[in-house]
Amino acid sequence: MSSGAADLRQRKKQNCTESDKMAPEERNKENSKLGRSPKYMLIQRFAKLFFGCLAAVTSGMMYAVYLSTYHERKFWFSSRQELEREITFQGDSAIYYSFYKELLKAPSFERGVYELTHNNKTISLKTINAVQQMTLYPELIASVLYQASGSEEVIEPVYFYIGIVFGLQGIYVTALFVTSWVMSGTWLAGMLTVAWFIINRTDTTRIDYSIPSRENWALPYFACQVAALTGYLKKSLNCSAEKFCYLLVSASTYTFMMMWEYSHYLLFVQAVSLFLLDSFALAQTEKVYEVYKIYLFSLFLGYLLQFENSALLVSPLLSLVAALMLSKCLQMNMKKGTFMSRLLKIMHIYLVLTITVTLNFLLKMFVPHKENEHLLKFIEVKLGLNTTKNFTMNWLLCQESLQAPSQDFFLRLTQSSLLPFYILVLIICLFSVTQVIFRRICGEPLKETVKLEDGRIGERPEIVYHVIHTILLGCLAMCLEGMKYLWTPYVCMLAAFGVCSPELWMTLFKWLRLKAVHPILLALILSMAVPTIIGFSLWKEFFPRIMTELSELQEFYDPDTVELMTWIKRQAPVAAVFAGSPQLMGVIKLCTGWMVSSLPLYNDDDLIKRNENIYQIYSKRSAEDIYKILTSYKASFLVIEDSICNEVGPVRGCRVKDLLDIANGHVVCEEGDSYAYSKYGRFCHEIKMNYSPYVNYFTRVYWNRSYFVYRINTVISFQS
């Protein structure tokens, strides 16, 4: 066994060195046939690489500047006071930025980290490890960079923070540019990728709505990993480039895993793509298993540095990779040509799936974990395998991002010509891959180098990987609209690669058997003409719209929220604890620093239960019940939002008060219609009437058009 492994390593080294030696010789022979000197070709290649890299970097920088300009025009950020700027961060985004502020206020970085890992100043009666529970590694990095770079006297913290995020989005676009360039061989594909990405920004990124969200920090690293993986899977790659791609895949995979708590699910989808690629014998097995080792290393290191995060141990990614490694060992231990080895090869996919499911089941039995259980329950209800009256589960199901995509989504992609070209490219690639798989079944080996005239784009492993990957992500996007932000960027990349790739056109012409025109010449012409025509049409139709967006001064002003935060900072006691909707509590925590009773986070059972209980202020419960709930969390002030209490939602049954009535059993169904019924009125309405027993438990201390603030009485008087 050891000698076999040594032979394998030796062959890999020999192949690597031979490819390094043979590549220049083959190029020299080809150049001599064309009458070109090696020096001329070297200058040409350098010029192509230089201008391509310049275009990629420029595209990323221009996109970052575009986002910054658009953000300024939308929020008038530079002319706002600090409080008004912070109000633009809503929900969970407010929580992330509030911890960034706390790190900067700490006397030292070490002290700031300690206070976050032992945080008892955010949620009443609860000490949390905020770094682990909320994945605050981006904020740790941002605070270190801000203080270490001496930016305190140069730029305000908020500008530094959003500047990093916008810069990462520039890297995101650059990585997509490079991926399309590597696949097609022309940086024209990268330019088209960027154009489609920006035009379809509504469906490619959530940066407009939630700057500090975890995916805005994480997805740029995943795009870098995909770009490096694309290069790593290529056949004609010299050793230096292969090592560089391998190191970049390793670094970006680990960084991506540290930035987002759900990153291992996306890596699982990628691992499934590589597994199918290897199962059909369309890639070098050694390379695929090297990527699996990177997954294992990243999971292990992530587990240690994320405070022994048990979610990584029970993740499907770990189970799948362990199953793949085990099945490989079983196959290697069997002598080639025996009946058992052939049987294992045929049953490979079934064997891997069986081991994966079994291993994941065993890990969940023996590894104590609570993380992401709500995610599994949500999937059960979403697929119709279970029903529930649970408020949180039904509230999540009502969120737009967790519903099936609307027709408007497909209409927007079609209007920008992205969807039609993606479908065309996908169909051609799928047919070509099917042909290759059929040839492999018939015993025909893959070609070492695929030439343009061969018309076999399905034999390129990096292309097959992207085809499988976009199909899997597309299936998820068809179920959950929020997944479109993972799928659409790679739709832009694959469509741009296809229309700019002579190989794809040559594959199509090979099937059509063109004879009137030379197919190679026509493929080269179309690979330049089609993207040029698309580019000019996009420029003519969408460039004026983008410039109009940047020139329009939009107004975002919420005076009621500003007044509420100002009152809290001036009038509320320092030891006060506020209760209300989780989204508002996040803003209160950021803008005032006061302690709150709940947060808009859904990865912890206790926080989910708190949110459900405190949302009861919008249900049909008695004043005494609400008082007991609030005092159990040591709340001293209650904030009622008029927008929730008097909500008129577009979908009946998805309003907060409707979901609470269902969860509390206050719904009566008669002749197909449902009616809310309870012997108590809706608390948020009744408390405004200022009559007993509500005035005995609560005293109104502040109100405006949107908010009503009540002090929760510590001494209850029932005098009428």
| field | Atom pair CG (Leu599) and CD1 (Ile123), whose distance is rounded to the nearest 0.5 Å | value |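 So the CG of Leu599 and the CD1 of Ile123 are separated by 4.0 Å.
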| said: Rounded at 0.5 Å granularity, tell me how far NZ in Lys634 sits from CD1 in Ile712. | reply: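 Taking NZ in Lys634 and CD1 in Ile712, the distance rounds to 11.5 Å.
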| query | Does the ring of Trp703 carry Arg700 above it, NZ/CZ under 6.0 angstrom from centre and within 45° of its axis? | reply |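 Checked: cation-pi criterion met.
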| message | Does the Lys NZ or Arg CZ of Arg85 fall within the cation-pi geometry relative to Phe75 - under 6.0 Å from the ring centre and within 45° of the axis? | response |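 Geometry flag: not set, cation outside 6.0 Å or 45°.
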Go through the side-chain N and O atoms of [X] and [Y] and say whether any donor and acceptor fall under 3.5 Å apart.
X      : Y      : answer
Tyr707 : Thr561 : yes
Asp208 : His71  : no
Tyr97  : Glu139 : no
Asp92  : Ser213 : no
Asn120 : Thr127 : no
Tyr66  : Glu549 : yes
Asn200 : Thr204 : no

Looking at [X] and [Y], what are the two nearest heavy atoms and their distance?
X      : Y      : value
Ile640 : Cys684 : CG2-CB, 3.9 Å
Ser93  : Ile211 : OG-N, 4.5 Å
Leu313 : Leu363 : O-CD1, 3.2 Å

[X] (side chain) donor-acceptor with [Y] (main chain) under 3.5 angstrom:
X      : Y      : result
Asp661 : Asn664 : no
Asp625 : Arg621 : no
Arg214 : Glu261 : no
Asn603 : Gln133 : yes
Arg73  : Leu550 : yes

| request: Run the salt-bridge test on Glu481 and Lys484 with the 4.0 Å N-O cut-off and return the result as yes or no. | output: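 Looking at Glu481 and Lys484, the cut-off is met.
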| task | Could you tell me whether Lys101 and Glu86 have a side-chain N and a carboxylate O separated by less than 4.0 Å? | result |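 Yes, this pair counts.
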| Do Tyr680 and Phe683 have ring centroids that are under 6.0 Å from one another? |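 Aromatic pair excluded; centres sit 6.0 Å or further apart.
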Does [X] have any salt bridge (charged side-chain N to carboxylate O under 4.0 Å, His left out) partners at least two apart in sequence or in another chain, and if so, which?
X      : result
Lys688 : Asp642
Asp606 : Lys126, Arg610
Glu641 : none
Glu686 : none

| request: Check side chain to side chain contact (heavy atoms under 4.5 Å, CB included) between His118 and all other residues, then give those that pass, not counting sequence neighbours. | output: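 Partners of His118 under the side chain to side chain contact (heavy atoms under 4.5 Å, CB included) test: Tyr114.
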| query | Looking at side-chain heavy atoms only, is the closest gap between Phe578 and Ser597 below 4.5 Å? | reply |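 No; the side chains remain at least 4.5 Å from each other.
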| query | Under 4.5 Å between any side-chain heavy atoms of Tyr602 and Thr392, yes or no? | reply |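 When only atoms from C-beta onward are counted, Thr392 and Tyr602 do touch, with a gap below 4.5 Å.
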| said: With ring-ring contact (aromatic ring centres under 6.0 Å, His included) as the test, pick out the partner of Phe256 among Phe222, Trp217, Tyr172, Tyr137. | reply: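 Considering Phe222, Trp217, Tyr172, Tyr137, a ring-ring contact (aromatic ring centres under 6.0 Å, His included) with Phe256 is found only for Phe222.
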| message | Parallel, tilted or perpendicular, judged at 30° and 60°: which one describes the rings of Trp395 and Tyr615? | response |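 Tilted: the ring planes of Trp395 and Tyr615 meet at 30° to 60°.
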| message | For a ring pair (Phe, Tyr, Trp, His ring centres under 6.0 Å) check, start with the C-alpha distance between Tyr96 and Phe99, then their side-chain angles and the critical distance, and finish with the verdict. | response | CA-CA 6 Å; Tyr96 296 131; Phe99 287 121; 8.2 Å; no
| Taking only residues two or more places apart in sequence or in another chain, which ones pass side-chain hydrogen bond (donor to acceptor under 3.5 Å, both in side chains) with Lys628? |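 Checked Lys628 against side-chain hydrogen bond (donor to acceptor under 3.5 Å, both in side chains); matches are Glu624.
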